[in-house]
Amino acid sequence: MSIDLQTCYELLPRVSRTFALNIRILPGELRPSITVAYLLFRLVDTIEDAPGLCLEDRSALFDAFLDRLDGNAPLQLPTSARALLAETTSADEGALLDAGETVFSAFEALPAVTREIVAAHVAETASGMQRISGSRREDGLLQLETWQDLDEYCYYVAGTIGIMLTRLFAVHTQHLDHRSERHLMALGTNFGRGLQLTNILKGIVPDRGEGRIFLPSELLARHGVDPDRLLEPSARPAVLEAVNELVPRAVQDLEDALRYTLLLPRREPRIRLFCLWPLFTALRTLAVISRGHGIIE
């Protein structure tokens with residue numbers, strides 16, 4: 001095992017406890033490939049989530065990331081953004097940023113077919129998030145406006161990952177025909193969206209504190225919720241009503257996630273378990289949310 005890959009394995013539990021557990025069960029080349037891919041996606045998330053960045057600095061960070069993904073230049077963070085990131089990101093996110101070049105080196109050591117798949121979907125996510133981040137308000141708040149905006153956001157953050165995983169699974173296994181692979185890619189998009197919607201619903205409070213509101217403005221308006229007063233106790237009943245409109249959508253997507261998993265070859269039990277782990281965790285989380293717990297306490 002290379003030093004770069006070992007560093008990636010050590011970083012993973014610092015930025016995702018859940019995936020650090022289930023990625024370990026993947027067979028063959030899937031474990032290193034998906035570990036490195038996940039860390040690249042987390043780098044994109046860190047750029048998007050970092051509070052306090054002006055539009056120009058955030059866009060410059062995305063450009064630097066995409067340039068490095070294309071192999072054009074070492075990962076160079078703009079000086080003006082570097083200091084602010086050091087102040088506003090967590091220690092674990094800071095460690096990931098500091099190890100960015102190591103993650104890219106591990107990526108470049110992956111097989112060529114894997115690099116092509118991972119790069120295509122990481123670039124799609126980074127470009128999509130760069131465009132969405134350009135719609136932030138002057139005060140830095142990211143507020144999604146419509147259902148379409150939410151669907152688009154979930155696709156870039158998680159749906160494209162479902163497609164990427166399907167393509168990587170197909171490379172690994174010899175037991176997937178083209179028809180099944182196409183069906184899996186369609187369901188994989190919903191799988192990712194269901195997980196992301198669940199994360200959005202359980203993260204309303206911390207997201208708002210960090211300058212993000214993913215519940216669409218049109219949904220909140222229909223329930224009489226002022227986004228600027230989203231966390232006030234008086235808004236809780238209306239927010240819960242809005243949340244309960246999203247829960248069935250997430251459940252439907254997670255039902256597709258189960259269909260996805262059952263379509264995977266029975267000869268690949270480790271891949272199936274890799275998929276079932278986050279699915280069952282998300283369903284349990286939605287059960288808690290649907291009872292009104294953990295939203296705005």
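Numbering of residues begins at 1 and proceeds along the displayed sequence. Heavy atoms only: backbone and side chains are in, while hydrogens, waters and symmetry mates are out.
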- Task: May I ask you to test the D226-L220 pair for a side-chain heavy-atom distance under 4.5 Å?
- Result: no
- For the atom pair CG (L30) and CD1 (I34), what is the distance rounded to the nearest 0.5 Å? 5.0 Å
- Query: Is R58 reaching over with its side chain to a backbone N or O of I47, donor-acceptor style, under 3.5 angstrom?
  - Reply: yes
- Would you please say whether a donor-acceptor pair under 3.5 Å links the side chains of Q130 and S59? yes
- Determine whether N22 and L273 make a side-chain contact, defined as any pair of heavy atoms from C-beta on separated by less than 4.5 Å. no
- Item | A119 to L69 - nearest heavy-atom pair and separation | O-CD2, 3.6 Å
- Item | Rounded distance [0.5 Å steps], CG in L110 versus CG in L168 | 9.5 Å
- Message: Could you check whether R208 makes a cation-pi contact with F214, meaning its NZ or CZ is under 6.0 Å from the centre of the six-membered ring and within 45° of the ring axis?
- Response: no
- Note on the structure: So CG of D49 and CD of E93: to nearest 0.5 Å the spacing works out to 7.0 Å
- Message: For H172 versus I271, what's the shortest heavy-atom pair and its separation?
- Response: CD2-CD1, 3.9 Å
- Okay, side chain of T35, backbone of Y9: is any donor-acceptor separation there less than 3.5 Å? no
- Item | Side-chain ion pair, E245 and R222, N-O less than 4.0 Å | yes
- Task: May I ask you to test the L40-V103 pair for a side-chain heavy-atom distance under 4.5 Å?
- Result: yes
- Single-linkage hydrophobic cluster, 4.5 Å side-chain cutoff, V113 and I163 together: yes
- Message: Strictly below 4.0 Å, N to O, side chains only: are R68 and E101 in salt-bridge contact?
- Response: yes
- Item | Spacing of CD1 belonging to I132 relative to CG belonging to L142, to within rounding of 0.5 Å | 8.0 Å
- Task: Please check if atom CD in E108 has more than 12 non-hydrogen atoms from other residues, nucleotides or ligands closer than 6.0 Å.
- Result: yes
- Check whether any side-chain N or O of T7 sits under 3.5 Å from a backbone N or O of I3 as a donor-acceptor pair, and report yes or no. yes
- Task: Starting from the C-alpha separation in whole Å, work towards a yes-or-no answer on side chain to side chain contact (heavy atoms under 4.5 Å, CB included) for T198 and L254.
- Result: CA-CA 10 Å; T198 303; L254 295 179; 4.1 Å; yes
- Query: Within a radius of less than 6.0 Å around CD of E218, do more than 12 heavy atoms belonging to other residues, nucleotides or ligands occur?
  - Reply: yes
- Task: Indicate yes or no: at least one non-hydrogen side-chain atom of M164 is less than 4.5 angstrom from one of F41.
- Result: yes
- Message: Please check this pair: side chain of Q196 against backbone of F191, looking for a donor-acceptor N/O pair closer than 3.5 Å.
- Response: no
- side-chain contact (heavy atoms from CB on, under 4.5 Å), paired with L258, selected from L263, L279, L283: L279
- Atom of A158, atom of G192 and distance for their closest heavy-atom approach: CB-O, 3.1 Å
- Cation-pi between R272 and W277: NZ/CZ under 6.0 Å from ring centre and within 45° of the ring axis? no
- Query: Short question: side chain of D149, backbone of E145 - any donor-acceptor pair under 3.5 Å?
  - Reply: yes
- Residue among L12, L96, L97, L11 satisfying side-chain contact (heavy atoms from CB on, under 4.5 Å) with R42: L96
- Side chain proximity check, N199 to V157, heavy atoms < 4.5 angstrom: no
- Under 3.5 Å: donor-acceptor pair, side chain of S180, backbone of L176: no
- Stepwise side chain to side chain contact (heavy atoms under 4.5 Å, CB included) check, W147 with L246: CA-CA 10 Å; W147 287 108; L246 277 175; 3.1 Å; yes
- In terms of the angle between their ring planes, are F274 and F169 parallel, tilted or perpendicular, with boundaries placed at 30° and 60°? perpendicular
- For side chain to side chain contact (heavy atoms under 4.5 Å, CB included), just list the numbers for T281 and L195, CA-CA rounded to whole Å, side-chain angles, deciding distance to a tenth of an Å, and then say yes or no. CA-CA 9 Å; T281 300; L195 295 179; over 6 Å; no
- Item | Closest non-hydrogen atom pair, V122 against A37 | CG2-O, 4.5 Å
- Shared hydrophobic cluster, I289 / V205 (ILVMFWY, side-chain heavy atoms < 4.5 Å): yes
- So does H183 have more than 12 non-hydrogen atoms from other groups sitting under 6.0 Å from NE2? no
- Note on the structure: Rounding to 0.5 Å, atoms CG (L230) and CD (Q143) come to a distance of 8.5 Å
- Query: Is there a chain of hydrophobic side chains (I, L, V, M, F, W, Y, each step under 4.5 Å between heavy atoms) that links I213 to L55?
  - Reply: no
- Item | Approximate separation, where rounding is to 0.5 Å, of T173 OG1 and E268 CD | 4.0 Å
- Answer yes or no: is there a side-chain heavy-atom contact under 4.5 Å between L264 and C275? yes
- Between L39 and V15, is a side chain to side chain contact (heavy atoms under 4.5 Å, CB included) present by the stated rule, with each step listed? CA-CA 8 Å; L39 291 176; V15 294; 3.8 Å; yes
- Starting from the C-alpha separation in whole Å, work towards a yes-or-no answer on ring-ring contact (aromatic ring centres under 6.0 Å, His included) for F65 and F104. CA-CA 10 Å; F65 178 89; F104 275 107; 5.5 Å; yes
- Item | Side-chain ion pair, E152 and R193, N-O less than 4.0 Å | no
- Message: Could you tell me if E29 and T114 have a donor-acceptor pair between their side chains, going purely by distance under 3.5 Å?
- Response: no
- Item | Nearest heavy atoms of F62 and S133, plus distance in Å | CE1-OG, 3.8 Å
- If you look at every heavy atom in L66 and S127, which pair is closest and at what distance? CD1-OG, 3.8 Å
- Task: Using distance alone, with no hydrogens and no angle criterion, decide if S16 and Y38 have a side-chain donor and acceptor under 3.5 Å apart.
- Result: yes
- Message: Within the 4.5 Å heavy-atom criterion, are L150 and I200 side-chain neighbours or not?
- Response: yes
- Task: Indicate yes or no: at least one non-hydrogen side-chain atom of R259 is less than 4.5 angstrom from one of D256.
- Result: yes
